[in-house]
Protein chains: 2
Amino acid sequence: MATIKILYVEDEANLGTIVSETLEQKGFDVRLIADGNLVLQACLTFKPDIAVLDVMLPGVDGFTIGKNLRLQFPDLPIIFLTAKTQTKDVVEGFQSGGTDYMRKPFSVEELIIRIQNQLRLRNVQQVASEIIRIGKFIYHPKKLLLENGEHRWQLSSREAEVLDVFSRYINRTIDRKTLLLEVWGDDSFFHSRNLDVYIRKLRDYFGSTNGVQIITLKGKGYQFVVEN
Amino acid sequence: MATIKILYVEDEANLGTIVSETLEQKGFDVRLIADGNLVLQACLTFKPDIAVLDVMLPGVDGFTIGKNLRLQFPDLPIIFLTAKTQTKDVVEGFQSGGTDYMRKPFSVEELIIRIQNQLRLRNVQQVASEIIRIGKFIYHPKKLLLENGEHRWQLSSREAEVLDVFSRYINRTIDRKTLLLEVWGDDSFFHSRNLDVYIRKLRDYFGSTNGVQIITLKGKGYQFVVEN
DNA sequence: TCCGCTTAACCTTAATTAACCTAAATTGCT
DNA sequence: AGCAATTTAGGTTAATTAAGGTTAAGCGGA
């Protein structure tokens, strides 16, 4: 594998420099950014393998950045760093799309270990995702095939793209905007009407008696309820 | 798959019991084991979705157990718990096959979050079967479903959000401000009128003869009285 | 204690907004 | 051209918010 690229967002200059240098000594390619507003842009150009975000940034909230990153880069591992100690901050961190969470002060060695761990987990998961179980249904994302005991459906590509998103949010809520951004790339009015059409198609596939439901959360999105 | 199964290895009896009970309250199926030598055996019979290992076990070293587990169960998420603070212990944790690592003392809430995070990273399905008993009613928060023997109601998202708060305050008082802040995020005048509307809807669901009452405490909030 | 004032909560309706659904139009293949 | 998939369109329905009149609890002063 090529060098691992780390996007590191940290506003404290001293800390940022020290950590960056240490990571670079260990062979990582580090892009240090102090301004939270530049993160999305940097992700597009730098294409990091992992993002490390300080949460306590001036101006923008690190969790908000995390959420936006997650929308644009569904598979990017994100480690939050924060001085906050309350459990609810940890909760918020994971809900904001984080894949790991560390409290400050932290040791750089531990950060490195956790970075490597995240990359390892991501690889494991990517290999494993050939088949996704959705209640009594089985979805083959690579083949665009959805089946249950009785039927199999060859999905169209749009149908599959929407279901891909849903399959990552089993028994969780998906906001409409996430869906629109991931599938159509923007959340304009027309695409929104469009999404309605595909929600309808998925609901038709799942039926009303198979323990898989897409519940509308008006003004928010959907709850993808899957009974086991 | 039914509920999520957690293998929890902990030799301190008190701590083990408390954590197990809390996890069970949250709907997990927990197998508590005190003796590290029994872990492999328990994994074979119990088939957990995730393992939580205390590292400081008498006799066997938790890291060694982790390594063995990893050999036998390459995809099992493992969270190490330890009082050790040194970075090298964290390093050893991850090298021993761990997928996450927490320092003692820890909050059970954070443990739950990290468990769910590990499961999410592995695409293990979360359960939709969590239920809350409210007198003769059963509320399914994940499905936004309220039922008693006679009826079932698919709640709207706002109705469910308000009931979510109430369900945490069974036979206790909730102040109006708490409700407003949790559901609408602020306690402005309009949202306050708005809350009235939803209180009314909930009262309609519960009816006047089913032993569930929302009693007004004027100027303070509500008392959520539930007979058993 | 009783009366009246104040204020919070109740209740109903209207307005707004979001989502649903169906079908027609368009696009993009082959 | 013909077909399937996708997008566009618009009428319909439902959830939510906003508004305002009504009721009643609580409180202070006589």
Side-chain angles (χ1 to χ4, degrees), chain A residues 141 143-146 152-166 169 173-208 212-225, chain B residues 143-146 152-166 169 173-208 213-225:
Chain A
K143 301 180 194 167
L144 315 194
L145 198 67
L146 179 67
R152 15 170 57 198
W153 297 272
Q154 183 64 55
L155 304 187
S156 73
S157 61
R158 270 286 188 255
E159 288 169 347
E161 282 180 273
V162 178
L163 185 53
D164 282 341
V165 182
F166 271 92
Y169 286 87
T173 70
I174 314 168
D175 53 280
R176 215 183 152 81
K177 196 165 181 177
T178 303
L179 270 163
L180 288 165
L181 289 177
E182 289 212 23
V183 177
W184 282 272
D186 74 77
D187 60 343
S188 69
F189 172 79
F190 279 126
H191 290 153
S192 193
R193 299 295 100 271
N194 220 310
L195 173 59
D196 293 342
V197 175
Y198 285 91
I199 293 288
R200 169 70 142 83
K201 288 174 199 264
L202 290 185
R203 281 177 172 154
D204 281 348
Y205 288 130
F206 289 123
S208 55
V212 178
Q213 268 189 96
I214 298 173
I215 295 176
T216 302
L217 306 177
K218 195 171 157 125
K220 299 188 188 60
Y222 299 93
Q223 176 91 11
F224 190 40
V225 178
Chain B
K143 301 180 194 170
L144 291 75
L145 195 69
L146 180 68
R152 10 171 61 197
W153 297 273
Q154 182 69 56
L155 304 186
S156 75
S157 60
R158 271 285 187 255
E159 289 169 348
E161 282 181 275
V162 177
L163 184 53
D164 281 340
V165 181
F166 271 93
Y169 287 87
T173 70
I174 314 168
D175 53 281
R176 215 183 152 80
K177 195 164 181 177
T178 302
L179 269 164
L180 287 165
L181 289 178
E182 291 218 23
V183 177
W184 281 272
D186 73 77
D187 60 343
S188 70
F189 173 78
F190 278 128
H191 290 154
S192 192
R193 298 297 99 263
N194 227 310
L195 173 59
D196 293 340
V197 174
Y198 285 92
I199 294 287
R200 167 71 141 85
K201 288 175 198 262
L202 290 185
R203 281 177 172 154
D204 281 348
Y205 288 130
F206 289 123
S208 54
Q213 276 186 87
I214 297 172
I215 295 174
T216 302
L217 305 175
K218 196 172 158 116
K220 298 184 187 62
Y222 299 94
Q223 174 100 20
F224 190 41
V225 178

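Computed from heavy atoms alone, side chains included, the values below leave out hydrogens, waters and symmetry copies. Letters go in sequence order (proteins before strands), and every chain restarts at 1.
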Filtered N/O pairs between nucleotides 26-30 of chain C and protein, under 3.5 Å:
none

If you measure from the Lys or Arg side-chain nitrogens to the Asp or Glu carboxylate oxygens, is any gap between A:Asp196 and A:Arg200 under 4.0 Å?
no
Rounded to whole Å, please give me the gap between [atom1] in [X] and [atom2] in [N].
X: A:Leu179; N: C:dA19; atom1: CG; atom2: C1'; value: 14 Å
X: B:Trp153; N: D:dA15; atom1: CH2; atom2: P; value: 15 Å
X: B:Leu155; N: D:dA14; atom1: CG; atom2: P; value: 16 Å
X: B:His191; N: D:dT17; atom1: NE2; atom2: P; value: 6 Å
X: A:Gln154; N: D:dA5; atom1: CD; atom2: P; value: 9 Å
X: A:Arg193; N: D:dG10; atom1: CZ; atom2: P; value: 13 Å

Main-chain N/O of B:Leu144 paired with B:Gln154 side-chain donor or acceptor, under 3.5 Å:
yes
When you measure from the side chain of A:Arg152 to the backbone N and O of A:Leu145, does any donor-acceptor pair fall under 3.5 Å?
no
Geometric class of the A:His191/A:Trp184 ring pair [parallel <30°, tilted 30-60°, perpendicular >60°]
parallel
Between B:Trp184 and D:dT16, is there a contact of a side-chain N or O with OP1 or OP2 at under 4.0 Å?
no
Please state whether the phosphate of C:dA18, meaning OP1 or OP2, lies under 4.0 angstrom from any side-chain nitrogen or oxygen of A:Arg176.
no
Considering every strand and a 4.0 Å limit on heavy-atom distances, what is the contact class for A:Ser192: base, sugar-phosphate, or nothing?
nothing
Nearest 0.5 angstrom please: [X] [atom1] to [Y] [atom2], how far?
X: A:Asp175; Y: A:Leu180; atom1: CG; atom2: CG; answer: 9.5 Å
X: A:Trp153; Y: A:Leu163; atom1: CH2; atom2: CG; answer: 11.0 Å
X: A:Thr178; Y: A:Tyr169; atom1: OG1; atom2: OH; answer: 5.0 Å
X: B:Lys220; Y: B:Lys218; atom1: NZ; atom2: NZ; answer: 11.0 Å

Go through D:dA5, D:dA15, C:dA19 for me and flag the one nearest to the A:Ser156 side chain.
D:dA5
Side-chain contact test, heavy atoms from C-beta onward, threshold under 4.5 Å: evaluate it for A:Leu155 versus A:Tyr205 and give yes or no.
yes
Under 4.5 Å between any side-chain heavy atoms of B:Val197 and B:Lys201, yes or no?
yes
Among residues 213-221 of chain A, which residues get a heavy atom nearer than 4.0 Å to DNA chain D?
A:Lys218
For a side chain to side chain contact (heavy atoms under 4.5 Å, CB included) with B:Tyr222, tell me which candidate from B:Ile199, B:Leu202, B:Ile215 qualifies.
B:Ile199
Mind running a 4.0 Å heavy-atom check of residues 194-204 of chain A against DNA chain C and sending the residues that fall below it, in number order?
A:Asp196, A:Val197, A:Arg200, A:Arg203
